Amino acid sequence: MKRSAKERIGLSGKDGPPKALVENLGEFVDREVLLEGWLYNSRSSGKIAFLLLRDGSGTVQCVTAKADVGEEIFAVARQATQESSIRITGMVKKDDRAPGGYEIMVSNVEIVQIAEEYPITPKSHGTSFLMDHRHLWLRSARPHAILRIRSTVIHGLRDFFADRGFTNIDAPIFTPAACEGTSTLFETDYFDSKAYLTQSGQLYMEAAALAFGRVYSFGPTFRAEKSKTRRHLTEFWMLEPEMAWADLDDAMALAESMIVAVIDRVLDTHMQDLETLERDLSKLERIQKPFPRITYDEALAILEKKGKTIEWGEDFGGEDETVLAEEFDRPVFIHRWPKEAKAFYMDPDPEDKRLVLGVDMLAPEGYGEIIGGGQRTASLEYLDSQIEAHGLPAEAFEWYRDLRKYGSVPHAGFGIGLERFVGWICGTHHVREAIPFPRTMNRLYP
RNA sequence: UCCUCGGUAGCUCAGCUGGUAGAGCAAGCGGCUGUUAACCGCUGGGUCGUAGGUUCGAGUCCUACCCGGGGAGCCA
């Protein structure tokens, strides 16, 4: 067993010490291990060198004393430049002076490749420069922490829906026409015709919900809007659950449980990463059910009280959203919107025909709209009237109309923007930090 | 598309009412046995975004354009 494990991990000498990861050093105290990684930073004096090794799971300081390793190995240690790939053998020691609690007393240093002058130095850089080097920036502590949290958020979301009987049914990325008609679409050649990159999988999820009951899709979506703000990407990931036999209240209850479950999971498993990000934990810990639910009209009244007058029927701007969110210490649902402000498929409010049963969820701290959704109309007659009122091409929606012809039921769902959600959890300044390789109006590289 | 701020060394920036280019970090060399963005000394490093213009003289003033940050609209 031991031998096969050693062979599986490969490069360590057949008879050498076991290979360890920085995050597992606690299991190897007072034992010799092999660590494989990259030199994150180093400090040295004439007789002692401190090599900060990064291996993807964490960083650990490796103490190399000339008196212990001899002239030759000490010279090798001092030769390694920032981000050189190295193998270090040494004894794991518990040490309260070390940030992670452990450090390595080095017995051997092997350089795999000496890195050229690394562009990202330990000192400060501008975002533009860092984004030009995003492929390298991923190695730094901050992006590393954010993207590890992103990974956990994705797993948390998938587990949340799987636990509740949702089937994952992904929507296509090439689409024949606009899902919502309004936003700008990326157009691409599709053999002898045109196709568009999806801006939402929702209509397909409605079809899937009538087949599977409870479904969700999760994938990239594309918006060709010329938006240059900290909340916008041209390519972002959206998770869209849809439930048959459900209404607006069901959608809000689901969204609320989802947010709390995922934040709890991040708080349980990523304290160190949140610390790296200097995130104010109290702001996340107070995210508990229930979230306040206010109507569009009530939101208007709050804005009015704050001296911001908005004409009835208008959508809110970014600053309005921040002002509204500041009224609450947790996310807030705003529901029952003027028909004109929302998409054509929204179900009208039976108690006020000017309104539709749509909902937005605003995150605290100015992170804005994270969720948009609502109850979809089940009526073919009403749907047709709205397709016409919004000036949409009826022929593109024939299949969608079918959903109202063959066993139409009340159904509801929402979409959550992954990067805005992750950005909020991590407290990032801009959503582009919440995706590995951001695509914005001005960035298609690297 | 509009508003606004910016573009000077590899990076982050300073450069006053126009007078001939500067710091820290990084790189190279040397020193230091407990450093935490280590520290100390020395060295090299510039088409001041581009093109015009004003001037004896432009990084600095004017015009146009290019690129980027932030915001508006639109959205998750």
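Reminder, nothing fancy here: chain letters follow the sequence lines and each chain counts from 1. Here the structure is a predicted model, which means the values were calculated and not measured. Any value given below was found using the heavy atoms of this structure, including those in side chains, with hydrogens, waters and symmetry copies removed.
- Side-chain atoms of A/Ser227 come within donor-acceptor range of the base of B/G73, with a qualifying N/O pair under 3.5 Å.
- Near RNA chain B, meaning a heavy atom under 4.0 Å away, the residues from residues 47-54 of chain A are A/Lys47, A/Ile48, A/Phe50.
- Close to B/U36, at under 4.0 Å from its OP1 or OP2, lies no side-chain N or O of A/Asn41.
- The shortest side-chain heavy-atom distance between A/Phe28 and A/Pro17 does not fall under the 4.5 Å cut-off.
- Phosphate proximity of B/G73 to A/Arg231: absent, as no side-chain N or O sits under 4.0 Å from OP1 or OP2.
- For the C1' atom pair drawn from B/A26 and B/C39, the interatomic distance equals 16 Å after rounding to whole Å.
- Using a 4.0 Å cut-off on heavy atoms, none of the residues of residues 284-306 of chain A approach RNA chain B.
- For A/Arg43, a side-chain nitrogen or oxygen approaches OP1 or OP2 of B/A38 to under 4.0 Å.
- The aromatic ring centroids of A/Phe421 and A/Trp237 lie 6.0 Å or more from each other.
- Pair assignment for B/G68: B/C5, on the basis of Watson-Crick or G-U wobble contacts that are both within less than 3.5 Å.
- Taking the C1' atom of each, B/A27 and B/G53 are spaced 40 Å apart, rounded to whole Å.
- For A/His430 and B/A76, the NE2 to C1' distance is 14 Å, given to the nearest whole Å.
- Salt bridge annotation for A/Glu256-A/Lys289: absent, with no cationic side-chain nitrogen under 4.0 angstrom from a carboxylate oxygen.
- Between A/Tyr102 and A/Val60 the shortest heavy-atom distance is O-CG2, 3.5 Å.
- Outside the 6.0 Å centre-distance limit, the rings of A/Trp38 and A/Tyr118 are not counted as a close aromatic pair.
- Using a 4.0 Å heavy-atom criterion, one finds that A/Glu321 contacts the bases of the nucleic acid, with or without backbone contacts as well.
- In this structure, a donor-acceptor pair under 3.5 Å is absent between the side chains of A/His155 and A/Thr152.
- A/Arg336 pairs with exactly one of A/Asp349, A/Asp297, A/Thr295 by the side-chain hydrogen bond (donor to acceptor under 3.5 Å, both in side chains) rule, that one being A/Asp349.
- Under 3.5 Å, the side chain of A/His232 and the base of B/C75 form at least one donor-acceptor pair of N or O atoms.
- Summarising the base pairing, B/U17 is matched to no nucleotide, lacking a Watson-Crick or G-U wobble pair whose two defining distances lie under 3.5 Å.
- Of the N and O atoms on the side chains of A/Arg158 and A/Tyr216, at least one donor lies less than 3.5 Å from an acceptor on the other residue.
- Between A/Tyr382 and A/Tyr345, the gap from one ring centroid to the other reaches at least 6.0 Å.
- Summarising the geometry, the separation between CZ on A/Arg230 and P on B/G68 is reported as 19 Å, rounded to the nearest angstrom.
- Using C1' as the reference atom, B/U17 and B/G59 are 16 Å apart when rounded to the nearest Å.
- In this structure, A/Phe236 reaches the bases: a heavy-atom distance under 4.0 Å links it to at least one base atom across the strands shown.
- Pairing for B/A51 goes to B/U63, judged as Watson-Crick or G-U wobble with the two contacts each under 3.5 Å.
- At a threshold of 4.0 angstrom between heavy atoms, the contacts of A/Arg78 include nucleobase atoms, whether or not backbone atoms are also involved.
- Counting non-hydrogen atoms under 4.0 angstrom, A/Glu103 reaches a base of the nucleic acid.
- Both tests pass for A/Arg354 against the ring of A/Trp312: distance under 6.0 Å to the centre and angle within 45° of the axis.
- Counting non-hydrogen atoms under 4.0 angstrom, A/Arg443 reaches nothing in the nucleic acid.
- For B/U50 and B/A58, the P atoms lie 15 Å apart once the distance is rounded to whole Å.
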